[in-house]
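First comes the structure, then the notes that go with it.
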2 protein chains.
Amino acid sequence: MDTRTPASEHSPWLPFESRRRARDEKREAVLRAAVQLFLERGYHRATLNEVADRLNITKPALYNYFRSKEDILFECWSIGQERVEDQIAGIEAAGENGLATLRRLVRTYAATMASDFGASLVRFNVADLSEANQKATFAGKRRIDRAFRDAITQGIADKSIRPCDVKLTAFAILGALNWIGHWYKPGGELSPDQIADDFAIRLTADIAKSSAKPSANTKSKTKPSKPKAARAIRDI
Amino acid sequence: MDTRTPASEHSPWLPFESRRRARDEKREAVLRAAVQLFLERGYHRATLNEVADRLNITKPALYNYFRSKEDILFECWSIGQERVEDQIAGIEAAGENGLATLRRLVRTYAATMASDFGASLVRFNVADLSEANQKATFAGKRRIDRAFRDAITQGIADKSIRPCDVKLTAFAILGALNWIGHWYKPGGELSPDQIADDFAIRLTADIAKSSAKPSANTKSKTKPSKPKAARAIRDI
DNA sequence: ACTTTTTATTACCGGCGGGTAATATACGTA
DNA sequence: TACGTATATTACCCGCCGGTAATAAAAAGT
């Protein structure tokens, strides 16, 4: 009763897979166009007609892939969030000391903030989401916050970070990082990686135990994690 | 031909003044209600009917004081901006060294970010303003940015701050400060002044020359400037 | 070639909300 | 009391935009 045709020569699975992939690619194209437009003009001023125009389709076609405009907004946020959480998971899995972990967190988070989906995490207004989706974003923010606080706490415990107010320290660091999403523009003098490397040191300089100075890998080495290959979307 | 009545006994000038003041107070009441609503629900989701409702009036009454919804939005922003610029002017006039100036800037700016009109500086979307008003906000942001950069530059010159990348340092500090406008909620554990005092040290710890340690005024002393008594509006 | 499913288009609806016109009311002034 | 002005209300308009048929075109499956 195995009706599958041999792998070569039009197997039904390949067309099926390729169709699903084509569909996903279109979904992603919509999200890329949408996130850019939302960032440029703001969620409310951006219309679905404009999103569709940029893709050379018409508005109703979008509804083949998304239920509503808010659905699109939330999906954009989800992509950025998932990316960050994947990075966090990879960093935490490395099991380095608190300071090294914190610096990796800062570096990757900074780089993400310089991308469209990353910036959407801080530039979209939570009030534009449904109740349920708002709760999801709050939970997401808490997870990010916790990752930073955990790294700091652990650093204090393992003596790589000098004792400090964990909560306020995390707020200060995350504030500086999130702000990147507001000021970074692609054509500037500094590349995302340069900003990320700089901030990794700068934002941890005051709390780092002077003994643990370097971690000075100045070149490459800037993509430490990518555990799940799930999402294929890339900004820009 | 001087038709003015003597100053005492129903002079026309006093009623005129009192009427103008009553009008200004109503204008300000509108702005206070508006800024709160805009922060709560977002500019686009907040309707003028809701603003009016909170003041126990009806929507068209608002048009006695403002030309348009966007006009209200811009005025809210202006109040926050003016407040910050007044503070900056006062601090710069004090003529202290770079580090002390920077710390004062951080302290007052942090406290302002914990107020409604202060938060509006970073939580309103520039794209919701007219072209002309957008330019005004950009100019305002530049002036704030310049104040922080100037303080850092001067601090390097007068040796109170160790040499560093001025631009990125300012970005990091202003990012941490601006983020206060996103996370601060009135009922929290920390008061605006506590946050301000903490950040004044925290955000300058890594660039301060170790010699210039203290400036340790832990109590009071937290309203160093208020040169122009022009605006009477107070948040909360 | 025929059917079915997916994907897209054209045409349209409906309501929300900013803004206005006409008008009423309160109030300072004489 | 009578007038003028400032301020408020009621009632209404209208343009924009998210969302929905109804239907056509394209692709996949048989």
Side-chain angles (χ1 to χ4, degrees), chain A residues 3-5 9-30 33-34 37-38 41-76 127-130 133, chain B residues 3-6 9-30 33-34 37-38 41-75 127-130 133:
Chain A
T3 59
R4 287 175 298 176
T5 50
E9 297 275 322
H10 55 302
S11 154
W13 301 107
L14 280 190
F16 175 79
E17 268 300 312
S18 78
R19 272 187 60 158
R20 198 186 58 72
R21 228 195 22 217
R23 185 183 168 81
D24 284 355
E25 274 167 20
K26 288 182 185 171
R27 253 185 79 95
E28 294 169 4
V30 171
L37 204 68
F38 292 170
R41 321 212 354 171
Y43 174 66
H44 283 94
R45 302 184 81 85
T47 73
L48 291 185
N49 271 322
E50 290 173 314
V51 175
D53 276 350
R54 293 203 174 181
L55 299 162
N56 298 315
I57 56 175
T58 57
K59 177 178 61 175
L62 299 174
Y63 285 82
N64 276 319
Y65 306 99
F66 302 94
R67 268 190 291 279
S68 65
K69 190 186 185 187
E70 189 242 316
D71 190 20
I72 295 178
L73 182 72
F74 180 70
E75 285 291 305
C76 290
D128 291 328
L129 295 169
S130 70
N133 287 341
Chain B
T3 60
R4 286 175 299 177
T5 50
E9 296 277 322
H10 56 301
S11 152
W13 301 106
L14 280 190
F16 176 80
E17 266 301 312
S18 78
R19 273 185 63 157
R20 198 185 60 71
R21 231 197 20 221
R23 185 184 167 82
D24 284 356
E25 274 167 20
K26 288 181 186 170
R27 253 185 80 95
E28 293 169 5
V30 171
L37 202 68
F38 292 170
R41 322 212 348 163
Y43 174 67
H44 282 94
R45 301 184 82 85
T47 72
L48 291 185
N49 271 323
E50 290 172 315
V51 175
D53 276 350
R54 293 203 175 182
L55 298 162
N56 298 314
I57 56 175
T58 57
K59 177 178 62 173
L62 299 174
Y63 285 83
N64 277 317
Y65 307 100
F66 301 95
R67 268 191 291 278
S68 65
K69 190 184 184 187
E70 189 243 316
D71 189 19
I72 296 177
L73 182 72
F74 180 69
E75 285 291 305
D128 291 328
L129 295 170
S130 70
N133 287 341

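Numbered from 1 within each chain, the chains take letters A, B, ... in sequence-line order.
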Give every pair of a protein N or O atom and an N or O atom of nucleotides 9-12 of chain C that lie under 3.5 Å apart, one pair per line with the distance.
unit_1	atom_1	unit_2	atom_2	d
C:dT9	OP2	A:Thr58	N	2.8
C:dT9	OP2	A:Thr58	OG1	2.5
C:dT9	O5'	A:Thr58	OG1	3.4

- C:dA8 phosphate, OP1 or OP2: any side-chain N/O from A:Tyr65 under 4.0 angstrom? yes
- Item | Heavy-atom side-chain proximity of B:Asp128 to B:Glu70 below 4.5 angstrom | no
- Task: Assign the ring pair B:Phe38 / B:Tyr43 to parallel, tilted or perpendicular, where the plane angle (0 to 90°) is split at 30° and 60°.
- Result: perpendicular
- To the nearest angstrom, how far is A:His44 atom NE2 from C:dG18 atom C1'? 14 Å
- Report the distance from atom CD1 of B:Ile72 to atom P of C:dG17, rounded to the nearest whole Å. 15 Å
- Backbone N or O of A:Asp71 within a donor-acceptor pair of the A:Arg67 side chain at under 3.5 Å? no
- Could you check how far NZ of A:Lys69 sits from C1' of D:dT20, rounded to whole Å? 17 Å
- Task: Can you tell me the distance, in whole Å, between the CG atom of B:Leu55 and the C1' atom of D:dT7?
- Result: 14 Å
- Between D:dG19 (C1') and A:Asn49 (CG): distance, integer Å: 11 Å
- So OH of B:Tyr65 and CZ of B:Arg23: to nearest 0.5 Å the spacing works out to 6.0 Å
- Item | Rounded distance (Å) that lies between atom C1' of D:dG19 and atom OH of A:Tyr63 | 5 Å
- Message: What contact category does B:Ala46 fall into here, base, sugar-phosphate, or nothing, at under 4.0 angstrom with non-hydrogen atoms?
- Response: sugar-phosphate
- Message: With rounding to the nearest 0.5 angstrom, report the NZ to OG1 distance, A:Lys69 to A:Thr47.
- Response: 7.0 Å
- Point-to-point distance, once rounded to the nearest 0.5 Å, from NZ of B:Lys26 to CG of B:Asp24: 11.5 Å
- Query: What is the distance from CD of A:Glu70 to P of D:dC17, rounded to the nearest Å?
  - Reply: 19 Å
- Using atom CZ of B:Arg67 as one end and atom P of C:dT20 as the other, report the distance to the nearest whole Å. 11 Å
- Student check: side-chain heavy atoms of B:Ile72 and B:Val51 closer than 4.5 Å: no
- Message: Taking only side-chain N and O atoms of A:Arg23, does any of them lie within less than 4.0 angstrom of OP1 or OP2 on C:dT6?
- Response: no
